[in-house]
> 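Can you read through this structure? Questions will come right after.
Quick note on labels: first sequence line is chain A, next is B, and so on, each numbered from 1.
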Amino acid sequence: METDKQKVLLIDGNSIVNRAFYAMPPLTNSSGLHTNAVFGFTTMLLKVIEEEKPTHLLVAFDAGKITFRHEGYAEYKGGRQKTPPELSEQFPLLKELIGAFSIRQFELPGYEADDIIGTLARLAEEQGQTATIVSGDKDMLQLASDGVTVLLTRKGVSEVERFTPDEIARQYDGLTPNQIIDLKGLMGDTSDNIPGIPGIGPKTALKLLADYGTVENVLEHADEIKGKVGDNVRSHADSARMSKKLATIFREVPMDWTWEQLAWSGYEADKLAAGLRKLEFKSLIERLDLYAAGTGAAGGSGAEAEPAELLVYQAVENEAAWAKLNGDLQAADLVIVESHGDNPHQSEGIALAVATPERSYIVSYEQLTGPEAAKLREWLADEGAAKTGYDLHRAELVLARSGIVLRGQQFDVQLAAYLLDPTEADPSLAGLLQRHGLRTIPPDEAVYGKGAKFRLPGPDALRAHLAAKAGAVRRLAKPLAEELDESGMRTLYYELEQPLAVILAGMEKLGITTKAEALEELGKEFQVGIESMMASVHRHAGMEFNIGSTKQLGEVLFDKLGLPSGRKTKTGYSTDAEVLERLAPYHEIVQLILNYRTLTKLQSTYIEGLLKEIRPEDGKIHTFFRQTIAATGRLSSQFPNLQNIPIRLEEGRQIRKAFVPSEAGWLILAADYSQIELRVLAHISGDEGLKEAFRNEMDIHTKTAMDVFGVTPEQVDSNMRRQAKAVNFGIVYGISDYGLSQNLNITRKEAGDFIEQYLSAFPGVRRYMDDIKEQARRDGYVTTLLGRRRYLPDIKASNFNLRSFAERTAMNTPIQGTAADIIKFAMVRMDEALKSRKLRSRMLLQVHDELVFEVPPEELETMKAIVPAIMAEAFPLDVPLKADVNVGTNWYEAK
DNA sequence: GTGGTCACG
DNA sequence: ACGTACGTGACCACA
């Protein structure tokens, strides 16, 4: 036996795995095996290892009396009982994983896990070492002593509570650990088949033990105990003795093991990563991936042998290091900008990694603006110095805040990964590595997150993190680029998305001038309306309440006023506009609420929300267009969203008056595609009637009405046109009779008839809808005209809902996505045109089918000519594309 | 953090 | 029989 102070960690395998099984939500790996208990167990194990830092480690399992290894049956004391098959199937997985941790596991015929643990804890303590026991079983508390601590799992297995003799005394009315056995002897334990004494629960048992100390002494003085309790004690003395015996952990298991066999010096990262990957425990793999901080190279390893040079880094903080970096810049080809926060227009830079294939240089952000970084800044701005990175769009914006220019963006692994699978849930660098079977890095949250358990302290950790990111990007770049080629998305990436990223960053940096006074004035008007609506609503309700609370509103409308309640949401009454509109005829209050909703929406989101986003320095709003969010390939806009500024209702539309040109006398020019999605449909479906309609510049909704209702153009009234318009929307969205019936407030049958009429009138569309679904089933994905992909795994789901959703998506995505491709192309062309013609006009916004510019008056005629032309010619289809142009002194007027 | 609601294409 | 229109982002209330 060793003599050094040891920390022995003893884990009660059976009790933990059982608790984990019943506490964790179901979890299965891709081959259908249940893994929830293994996951829970592993989480717990990592946690206690972190906290206890044991030198010796053992997981004990029951044997002999209980085994889970056969056919899903557990042999308990006194019989066989069926265990859930999902639990028994997890035992082999668990044992394998414990092996991957390099932890010893024991089971001994004839003994239970707690006997083994009790014996080892005794031996450890006798030899002056400390032992910690982890279990879900309160019985274990009897083993606590000065040298032995018991950790009981809580909240399933996600937390542990620490029991020392003092803590046991505090929670159990002064009981010593040994008296836990006596407690069980008296009160029993139904879950463990220990009878105890009938009628004696925890309260009585604790009182008796306070008075008499032990079961034996209680029995000896049984005649002193009064009443029913006394009777039961006297008549069940044998049961009490037996119960105490059953509850007593046997601490004399004969064993000839040595401590060396239990010595544990940590897991082997390779082996463990392989084990975790097999179980598909992605989050745990990330958590485990620690660095050897401060060594200048990241440690650990995993999925793939790590080329060490990828992780060699140099902290740039003295003259010599700067000289080395400057000398190495011509070989640099990779840049990572680390920054705080989500909004790149207000995030502070943290540090920068610049990497050559041999090493990474880590520069703290403060140094970046200093004189020593002049050459580095020159390299960053050099169009000819090709750069690879991760989210270079964001990097460009962050750097721009310090006046630093980024150019030469050549390959962005985030953008590439988005094209390869735009619906991937985890687009983080860590997630990308995971899916490519590459050695992972801790997710950012682990390094910067508030409650991050595995947060790495100090500047070395930050540098290591950046170096690892740089290495990760380098390893990802090549396979991703190859996959783009193989998937036919080379042009889409290099000719469209990558150039667009730079154009978008330019638009965002430019921003759009927004008049705060105009918003404030409008806000005052809204406020008058809001207060008036609120007062009226409260008067009608006969009480004051928060109209903005759907809960309170539902109570007022449906309980107090007794209006007929319609749909329910999962939390209560539904009170959305659709429901309220049906209720309007019943009570005046309803319309007032609808008006209140409209006004408060405008006030909070568009007046207050936009005012907050106007930068005092330049009086502009700088949105952030995201290129890697929408599954269809559309852009999205954040901080604030400038793609959903009101237009449909006049009150809201006034908001647009606040968006003005940034220079006096200039104008806002807005150009929007006319019916781009239906034109795309005409093209990809090849439907002759639809194509002909667009070639003849027909009003497409009138044309649809004619064909669906079988009438002449003169006979189409506004109602027929309205319904036809809804049918066209339905077609684009992936039609269903139910959806259309809801939208038009007609029966499903009627909606179904409309659809049938439509599909008969446009047989090419019917063929497209069938073909695209078939294609999705065959390939597993659908594509746009430019080869953008979207995978639809649910297309083969047996669940009707999932499958139907996937089918509608299959029909819609090529249409919406191709329209997105086209306007993106138009943006690239426009950018080129503005540059080559040396125009001062600037592209400011994109709103899915619309481009917004600010234009000096002398360029107005030119722009009015070239913008719609470029948009129309961006991508030639079998039908003409058309863009309408409008001009005004603000965005409102450009209609 | 989640759900309900509503703004846009 | 199943119970949906497609794609987003922001705000508020409430746990």
> Pairing check on C:dC11: which nucleotide meets the Watson-Crick or G-U wobble criteria with it, both distances under 3.5 Å?
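C:dC11 is paired with B:dG4.
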> A:Thr550 side chain: which of B:dC8, C:dT8, B:dT5 is closest?
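For A:Thr550, the side-chain atoms sit closest to B:dT5.
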> Tell me, do A:Phe558 and A:Leu583 make a side-chain contact under 4.5 Å, heavy atoms counted?
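The answer is yes, as the side chains (C-beta and beyond) meet within the 4.5 Å cut-off.
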> Counting only side-chain N and O atoms of A:Lys570, is one of them less than 4.0 Å from OP1 or OP2 of B:dG3?
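The answer is yes; a side-chain N or O of A:Lys570 sits under 4.0 Å from OP1 or OP2.
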> Looking at A:Arg634 and C:dT8, is any side-chain donor or acceptor paired with a base atom of the opposite kind under 3.5 Å?
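Answer no: no donor N or O sits under 3.5 Å from an acceptor.
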> Ignoring the backbone of A:Lys551, work out which of C:dA15, C:dA5, B:dC6 is nearest its side chain.
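It is C:dA15.
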> Mind checking A:Leu740 for me? I need base, sugar-phosphate or nothing, with any heavy atom below 4.0 Å counting as a touch.
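The residue A:Leu740 makes base contact.
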> Mind checking A:Ile645 for me? I need base, sugar-phosphate or nothing, with any heavy atom below 4.0 Å counting as a touch.
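Touches sugar-phosphate only.
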> Scan A:Asn644 against the nucleic acid and name what it touches under 4.0 Å (heavy atoms): base, sugar-phosphate only, or nothing.
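Result for A:Asn644 = base.
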> Give a yes or no on whether a salt bridge exists between A:Asp753 and A:Lys749, defined as a side-chain N under 4.0 angstrom from a carboxylate O.
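Between A:Lys749 and A:Asp753 there is a salt bridge, with a charged N closer than 4.0 Å to a carboxylate O.
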> Using only heavy-atom distances, determine whether the side chains of A:Asn595 and A:Gln591 contain a donor-acceptor pair under 3.5 Å.
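Side chains of A:Asn595 and A:Gln591: pair found under 3.5 Å.
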> Indicate, yes or no, whether a donor-acceptor pair under 3.5 Å links the base of C:dT8 to the side chain of A:Ser636.
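Answer is no: no donor-acceptor pair is held.
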> Please find out if less than 6.0 Å separates the ring center of A:Phe659 from that of A:Tyr892.
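No; A:Tyr892 has its ring centre 6.0 Å or more from that of A:Phe659.
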> Would you say C:dA10 has OP1 or OP2 under 4.0 Å from some side-chain N or O of A:Ser604?
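For C:dA10, OP1/OP2 do not have a side-chain N/O of A:Ser604 under 4.0 Å.
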> Under 30°, 30 to 60°, or over 60°: which ring-plane class applies to A:Phe754 and A:Phe709, parallel, tilted or perpendicular?
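It falls in the perpendicular class, over 60°.
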> Could you tell me how far B:dA7 sits from C:dG3 if I compare only their C1' atoms? Round to whole Å.
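26 Å, rounded to whole Å.
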> If you check the A:Ile647 side chain, which of B:dG3, C:dC6, B:dG9 turns out closest?
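Nearest listed nucleotide: B:dG9.
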> Would you say A:Ser637 reaches C:dG9's phosphate, i.e. side-chain N/O to OP1/OP2 under 4.0 Å?
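Looking at the OP1 and OP2 atoms of C:dG9, neither is under 4.0 Å from any side-chain N or O of A:Ser637.
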> Rounded to the nearest Å, what distance is computed from the CG atom of residue A:Asp737 to the C1' atom of nucleotide C:dA1?
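These atoms are roughly 14 Å apart.
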> Given C:dA13, is OP1 or OP2 found less than 4.0 Å from the side-chain N or O atoms of A:Asn546?
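Result: yes.
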> Choose from C:dT4, C:dG7, B:dA7 the nucleotide whose nearest atom is closest to any side-chain atom of A:Tyr738.
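Comparing C:dT4, C:dG7, B:dA7 against the side chain of A:Tyr738, the answer is C:dT4.
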> Report yes if a side-chain nitrogen or oxygen of A:Arg648 is closer than 4.0 Å to either non-bridging phosphate oxygen (OP1 or OP2) of B:dA7; otherwise report no.
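Checking A:Arg648 against B:dA7: no side-chain N or O falls below 4.0 Å of OP1 or OP2.
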> Expressed in angstrom and rounded to an integer, what is the separation of A:Leu851 atom CG from B:dC8 atom C1'?
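The distance from CG of A:Leu851 to C1' of B:dC8 comes to 16 Å, rounded to the nearest Å.
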> With respect to the side chain of A:Asn801, which nucleotide from C:dC11, C:dG3, C:dA10 is positioned closest?
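My answer, after comparing the listed nucleotides, is C:dG3.
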> Respond yes when some side-chain nitrogen or oxygen of A:Gln643 is under 4.0 Å from OP1 or OP2 of C:dT8, and no when none is.
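No, no such contact exists.
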> Are OP1 or OP2 of B:dT5 and a side-chain N or O of A:Thr575 less than 4.0 angstrom apart?
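Indeed, a polar side-chain atom of A:Thr575 lies that close.
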> Report yes if a side-chain nitrogen or oxygen of A:Gln552 is closer than 4.0 Å to either non-bridging phosphate oxygen (OP1 or OP2) of C:dC14; otherwise report no.
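It does, given that an N or O in the side chain of A:Gln552 lies less than 4.0 Å from OP1 or OP2 of C:dC14.
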> Verify, without hydrogens or angle tests, whether A:His701 (side chain) and A:Arg722 (backbone) share a donor-acceptor contact under 3.5 angstrom.
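No; judged by distance alone, with no hydrogens or angles, the pair does not exist.
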> Categorize A:Gln638 for me: base, sugar-phosphate, or nothing, with a 4.0 angstrom heavy-atom threshold over every strand shown.
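A:Gln638: backbone/sugar contact only, no base atoms under 4.0 Å.
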> Taking the P atom in each of C:dT4 and B:dG4, what is the distance between them to the nearest angstrom?
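My reading of the P atoms in C:dT4 and B:dG4 gives 12 Å.
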> Stacking check: are the rings of A:Tyr733 and C:dC6 less than 5.5 Å apart at their centres and under 30 degrees in tilt?
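Stacked: ring centres under 5.5 Å, planes under 30°.
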> Which of the following nucleotides, B:dA7, C:dA5, B:dC6, is nearest to the side chain of A:Pro646?
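Nearest nucleotide to the side chain: B:dA7.
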> In terms of side-chain heavy atoms of A:Arg597, which of C:dC2, C:dA13, B:dC6 is nearest?
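Per side-chain heavy atoms of A:Arg597, the pick is B:dC6.
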> Ring centres within less than 5.5 Å and planes less than 30° apart: is that true of A:Phe805 and C:dT4 in this structure?
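A:Phe805 ring does not meet the centre or angle cut-off for C:dT4; no stack.
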> Whom does C:dC2 pair with, Watson-Crick or G-U wobble, provided both distances fall under 3.5 Å?
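For C:dC2, the partner nucleotide comes out as none, under the 3.5 Å rule.
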> Taking only Lys NZ, Arg NE, NH1 and NH2, and the carboxylate oxygens of Asp or Glu, determine whether A:Arg634 and A:Glu677 approach each other closer than 4.0 Å.
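So A:Arg634 pairs with A:Glu677 through a salt bridge.
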> Looking at B:dG9, B:dA7, C:dC6, which one has an atom nearest to any side-chain atom of A:Thr809?
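Among B:dG9, B:dA7, C:dC6, the one nearest the side chain of A:Thr809 is C:dC6.
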> What's the closest nucleotide to the A:Thr569 side chain, out of C:dA5, C:dG7, B:dT5?
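It is B:dT5.
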> Identify whether any heavy atom of A:Arg790 sits under 4.0 Å from a base atom; if not, whether one sits that close to sugar-phosphate; answer base, sugar-phosphate or nothing.
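Since only primed, P, OP1 and OP2 atoms lie under 4.0 Å of A:Arg790, the category is sugar-phosphate.
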> A:Gly548 near the nucleic acid: base, sugar-phosphate alone, or nothing, with a heavy-atom cut-off under 4.0 Å?
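The residue A:Gly548 makes sugar-phosphate contact but no base contact.
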> OP1 or OP2 of C:dC14 versus the side-chain N and O atoms of A:Ser549: is any pair under 4.0 Å?
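True: A:Ser549 side-chain N/O within range (under 4.0 Å) of C:dC14 OP1/OP2.
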> Flag the pair A:Glu578 and A:Arg582 as a salt bridge only when some basic side-chain nitrogen lies within less than 4.0 angstrom of an acidic carboxylate oxygen.
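Looking at A:Glu578 and A:Arg582, the cut-off is met.
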> From C:dA10, C:dT4, C:dG7, pick the nucleotide closest to the side chain of A:Thr605?
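Among C:dA10, C:dT4, C:dG7, the one nearest the side chain of A:Thr605 is C:dA10.
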